[in-house]
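First up is the structure itself, then whatever we jot down about it.
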Amino acid sequence: TCPFDKLRAGSELCRRIQNRKWLGLSVFAFVFVVAGALAQAQQPKKLPRIGYLVSRSAPGPNDQAFQEALHELGYVEGQNIVIERRWAGGNPDRVPDLAADLVRLKVEVIFAGGATEGAVKSATGTIPIVFMVEGDPVGSGLVASLARPGGNLTGLTVFADELAGKRLEILKEAIPRISRVAALRYLNSEVIHLRTTETAAQSLGLQLQILVVKDPKDFDSAFGAAKKGRADALIELSSSFLSTHRKPLLDLAAKSRLPAMWEVSGFVNDGGLMSYGPSLPDLYRRAATYVDKILKGTKPSDLPVERPSKFEFIINLKTAKQIG
């Protein structure tokens, strides 16, 4: 102990004792602060997470385009971003559970592609959603308008009503001899595609046979009706349902040796004859920029829904030779 009166009196011993007390407290405080900082630095930093939900069963070129675009924007998976991927395997009944799973994980943003946007919208009204839809997002009630989507959704649409007539025009140009065309339509698809196709058929002098399907079980009877109606070719009216079930459709088209025009390149990659439509890899790349903006603080309602700007016409020469 060092009485206060002796410290005031100038005792050298007391000064040394007092200095050592303050030195000990300073060293203790310094060690405490450094130890706290080191402990905080050693704790793993929580990385932002992206929910990624598509209806397909396996990754493809579109998913790779999305990943590459994120990388170009500075995101490296496992270092500064985590992607929670969910695949529905072509089974729409699985989509609601997968969407709910991503919501439980409290991801920062969800990308919904391939007819999964409706289930994701039902699963959350707060987590930002970037969608990729094949139909009309306004007509289906997904968003209020393209310019001002509102709510927690925005994204891109493959929808371009003028393309339905353009596909029929290209089909006629590629195969001039055709006079009857079967139009394959999903029951719940947008009527506008049917109307533009009918208008184009009239202008081209083609007889249109509408084949309506509501279940994959209807595919055989639809192609049977096309044969009975002596259809020279087949055209798909845009629908995510038909895209999801493309394998049996392509098998039936090949079996019937029916030249077919499809909407997206995935059909041609899997053996379809030809397709004309938006470049899906390009749209997926643009979707990644939307995710980036949302992660940086932009609200989905401030990002207008974009329409396609890049289109592809693709022919499968192997299939062309097989069907003559």
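Quick caveat: nothing in here was measured; it's all calculated off a predicted structure. As a basis for the values below, the full set of heavy atoms in this structure was taken, side chains included, without hydrogen atoms, waters or symmetry mates.
Between atom CG of residue L237 and atom CD1 of residue I235 there is a gap of 6.5 Å, rounded to the nearest 0.5 Å. Remark: R257 CZ to T319 OG1 distance equals 11.5 Å, nearest 0.5 Å. One distance of note links CD1 of I323 with CG of L258; it measures 7.5 Å at 0.5 Å rounding. Going from atom CG of D270 over to atom OG of S275 covers 11.0 Å, rounded to the nearest 0.5 Å. In this structure, the separation between CD1 on I178 and CG on L171 is 4.0 Å, given to the nearest 0.5 Å. The CZ atom of R307 sits 11.5 Å away from atom CG of L283, with the distance rounded to the nearest 0.5 Å.
For residues 217-229, no pair satisfies side-chain hydrogen bond (donor to acceptor under 3.5 Å, both in side chains), with sequence neighbours left out. Among residues at least two apart or in separate chains, there is no side-chain hydrogen bond (donor to acceptor under 3.5 Å, both in side chains) pair with a member in residues 145-157. Sorted by first then second residue, the salt bridge (Lys or Arg N to Asp or Glu O under 4.0 Å) pairs that include residues 79-99, not counting sequence neighbours, are E77-R85, E84-R86, R86-D101. The stretch residues 301-324 participates, sequence neighbours left out, in no ring pair (Phe, Tyr, Trp, His ring centres under 6.0 Å) pair at all. Residue pairs meeting the ring pair (Phe, Tyr, Trp, His ring centres under 6.0 Å) criterion with at least one member in residues 78-109, sequence neighbours excluded, do not occur.
Residue R285 comes nearest to E68 through the heavy atom pair NH1-OE1, 3.9 Å, listed as atom of the first residue, atom of the second, then distance. Shown here for L153 and V143, the closest heavy-atom pair between the two residues is O-CG1, 4.3 Å. Residues G113 and Y284 share a closest heavy-atom pair of CA-OH, 4.4 Å. Among all heavy-atom pairs drawn from R167 and Y276, the shortest one is NE-O, 2.6 Å. Between D282 and S309, the shortest heavy-atom contact is OD2-OG, 4.4 Å. For the residue pair D232 and S179, the shortest heavy atom distance occurs at OD2-N, 2.8 Å.
Remark: the backbone N or O of E263 is paired with a side-chain donor or acceptor of E236 at under 3.5 angstrom. No donor-acceptor distance shorter than 3.5 angstrom exists from the side chain of N91 to the backbone of A88, with no hydrogens or angles considered. Of the possible polar contacts, none joining the R185 side chain to the L194 backbone as a donor-acceptor pair under 3.5 Å is found.
K293 meets the salt bridge (charged side-chain N to carboxylate O under 4.0 Å, His left out) test with no other residue; sequence neighbours excluded. Every residue meeting the ring-ring contact (aromatic ring centres under 6.0 Å, His included) condition with Y52, not counting sequence neighbours, appears here in chain and number order: F66, F111. In this structure A182 satisfies the side-chain contact (heavy atoms from CB on, under 4.5 Å) test together with Q209, L211, A226, A231, L234, sequence neighbours excluded. Annotation: ring-ring contact (aromatic ring centres under 6.0 Å, His included) contacts of F131 (sequence neighbours excluded): none. Remark: R49 pairs with no residue by the salt bridge (charged side-chain N to carboxylate O under 4.0 Å, His left out) rule, at least two apart or across chains. In this structure, the salt bridge (charged side-chain N to carboxylate O under 4.0 Å, His left out) partners of K247, at least two apart in sequence or on a different chain, are D251. For F267, the ring-ring contact (aromatic ring centres under 6.0 Å, His included) test picks out W262, with sequence neighbours left out.
I294 is listed as a side-chain neighbour of P300, based on a closest heavy-atom distance under 4.5 Å. Using a 4.5 Å heavy-atom threshold, the side chains of D292 and Y75 count as touching. I210 has its side chain out of reach of T197: every pair of non-hydrogen atoms, C-beta onward, lies at least 4.5 Å apart. Side-chain contact check for V54 versus M132: every heavy-atom pair is 4.5 Å or farther apart. L146 has its side chain within reach of P137: a pair of non-hydrogen atoms, C-beta onward, lies under 4.5 Å apart. A heavy-atom distance below 4.5 Å is not found between the side chains of I81 and L70. By the 4.5 Å heavy-atom criterion applied to side chains, P278 and L163 are counted as neighbours. Counting heavy atoms from C-beta outward, V305 and Y290 have side chains that stay 4.5 Å or more apart.
A salt bridge is absent between K172 and E169: the closest approach of a Lys/Arg side-chain nitrogen to an acidic carboxylate oxygen does not fall below 4.0 angstrom.
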Report the C-alpha distance between V76 and H71 in whole Å, list the side-chain angles of each, state the deciding distance to 0.1 Å, and finish with yes or no for side-chain contact (heavy atoms from CB on, under 4.5 Å).
CA-CA 6 Å; V76 179; H71 186 75; 4.1 Å; yes

Pair L295-E108, side-chain contact (heavy atoms from CB on, under 4.5 Å): steps then yes or no
CA-CA 7 Å; L295 289 176; E108 276 70 21; 3.7 Å; yes

List the steps and the verdict of side-chain contact (heavy atoms from CB on, under 4.5 Å) for L249 and F223.
CA-CA 9 Å; L249 291 174; F223 275 82; 4.0 Å; yes

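Looking only at atom types and distance, the side chain of E198 has no donor-acceptor partner in the side chain of Q202 under 3.5 Å away. Side-chain contact of T289 with R286: a donor-acceptor pair under 3.5 Å is absent, judged by distance alone.
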